[in-house]
Amino acid sequence: MHIPSKLPQVGTTIFTVMSALASELKAINLGQGFPDFPMNQSLIGYVTDAMKQGFNQYVPMQGYMPLREVLAEKIASLYGPAPSPDTDITITPGGTYAIYTALTSVLQPGDEVIVFEPAYDSYIPNIEINRAVAVRIDLQFPHYNIDWDLVRSKITPRTRMIMLNSPHNPTGAVLREEDIRQLKSIVLQTEILILSDEVYEHLIFDQLSHQSILRHPDLMERSFVCFSFGKVYHCTGWKLGYCVAPDFLMKEFRKVHQFNCFSCHSPSQVALASFLKNRDSYLSLGAFLQQKRDYFASLMAQTRFSPLPSYGSYFQIYRYDRISEEPDRDFAIRLTRQYGVASIPVSAFYRQATDHKVVRFCFAKKQETLEEAAERLLRIT
Ligand code: PMP
Ligand code: GLN
């Protein structure tokens with residue numbers, strides 16, 4: 001039997017490919033982005049308590065109300081006007097799902113969506129499965145800034161949405177105030193929507209402030225903003241996140257969500273509602289990850305890799321031009337096989353596999369993991 005593929009250009013995600021190779025070869029996995037240190041023990045305690053107290057049945061489709069209330073308060077304290085916990089926040093099974101659902105709830109066939117490459121690998125397939133068109137714009141190598149004049153030149157009557165991601169995966173670049181000014185000058189008099197992927201929200205370094213779309217009511221009126229509890233609280237396997245959007249967009253979002261997932265894991269929502277009351281649970285995260293970034297960079301300084309700056313997320317990308325001229329995919333695979341360290345080739349984040357000969361390392365790891373990885377990378381001549 002032959003069925004036409006809905007995603008003919010898509011293979012298996014690079015994260016699965018590199019993690020499978022790392023596990024087959026027992027390599028140190030600095031590829032796929034997940035911490036190898038334990039998550040917060042008190043958060044685990046809250047989940048256990050919630051289960052024992054009987055929070056084991058469905059919560060409402062929109063998410064556990066006390067969690068939505070805590071999130072609204074947190075947003076008000078960090079960024080600006082509180083969204084309504086009733087109409088503007090929905091808990092989802094992870095950030096990826098929130099992004100997919102947002103796109104699916106508004107895109108019509110033929111709509112154009114501006115996407116910056118390198119782009120997190122789910123974005124373009126999520127657009128295309130909705131028969132919309134990804135309009136790809138390269139971030140400017142090697143600093144990965146947005147060329148806003150180029151963005152202006154790509155706007156057409158079919159432009160439905162612009163997708164943003166800050167802090168950025170895979171580069172660690174972050175949006176600046178000037179970027180937000182430029183974005184406003186492009187979208188405000190139009191019907192263009194924004195999808196802002198802010199899953200690395202608190203993981204931002206060097207005293208920079210996170211330029212959340214939630215700071216700007218005039219942008220929020222047209223935006224889906226997507227978050228991941230798994231990413232920031234070191235429990236990627238929980239696959240829990242949320243989306244914030246104005247009422248008219250959230251109504252559409254929930255129409256899709258209610259018939260796909262309906263409601264998410266209850267005990268972890270109950271636990272997070274308690275955990276997030278303590279502001280330190282998130283305000284301490286940037287400094288913690290910055291210390292890891294700096295420690296890894298100090299170890300890598302002795303190798304032949306050259307870093308590009310990372311201002312946020314838990315990734316840093318490195319050039320390897322002093323080591324090899326191989327394509328990045330071949331290089332990343334050889335690094336895993338010969339030296340036992342897995343990374344992610346950055347060409348995987350481009351539809352045309354653009355290869356600037358850089359690989360991404362995840363530094364959200366225990367000190368000894370980073371030390372062992374750097375020691376192995378030091379052997380490369
Ligand atoms: N967006 C980006 C840029 C990410 O790196 C991730 C991490 N996987 C996600 C979204 C989604 O996170 P989650 O695991 O919560 O789906
Ligand atoms: N966000 C993670 C990364 O960039 C991976 C998530 C996934 O495997 N889908 O490594």
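Every number for a ligand or one of its atoms is a count from 1 in the order of the listing.
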Counting from 1 in the order shown, the ligand 1 atoms closer than 4.0 Å to a non-hydrogen atom of V199 are 1 (N), 2 (C), 4 (C), 6 (C), 9 (C), 10 (C)
Using heavy atoms and a 4.0 Å limit, tell me yes or no: is T236 in contact with ligand 1? no
Are Y97 and ligand 1 in contact, using a heavy-atom cut-off of under 4.0 Å? no
Geometric N/O contact K239 with ligand 1, under 3.5 angstrom: yes
Take every heavy atom of [X], measure it against each atom of ligand 2, and state whether any distance is under 4.0 Å.
| X | answer |
| --- | --- |
| F34 | no |
| T13 | no |
| Y200 | yes |

Check this for me: R160, atom CZ, are more than 12 non-hydrogen atoms of other residues, nucleotides or ligands nearer than 6.0 Å? yes
Ignoring angles and geometry beyond distance, decide whether G33 reaches within less than 3.5 Å of ligand 2 through its nitrogen or oxygen atoms. yes
Atoms of ligand 2 under 4.0 Å from any heavy atom of N169, numbered from 1 in the order shown, are 1 (N), 3 (C), 4 (O)
Residues R254 and Q258: side-chain donor-acceptor under 3.5 angstrom: no
May I ask you to check whether N29 and S19 show a side-chain donor-acceptor distance below 3.5 Å? yes
Could you check, using the six-membered ring where one of them is a Trp, whether F315 and F363 have ring centers closer than 6.0 angstrom? no
Please report the closest heavy-atom contact between V346 and P170, naming both atoms and the distance. CG1-CG, 4.1 Å
Charged N to carboxylate O below 4.0 Å: is that the case for D149 and R152? yes
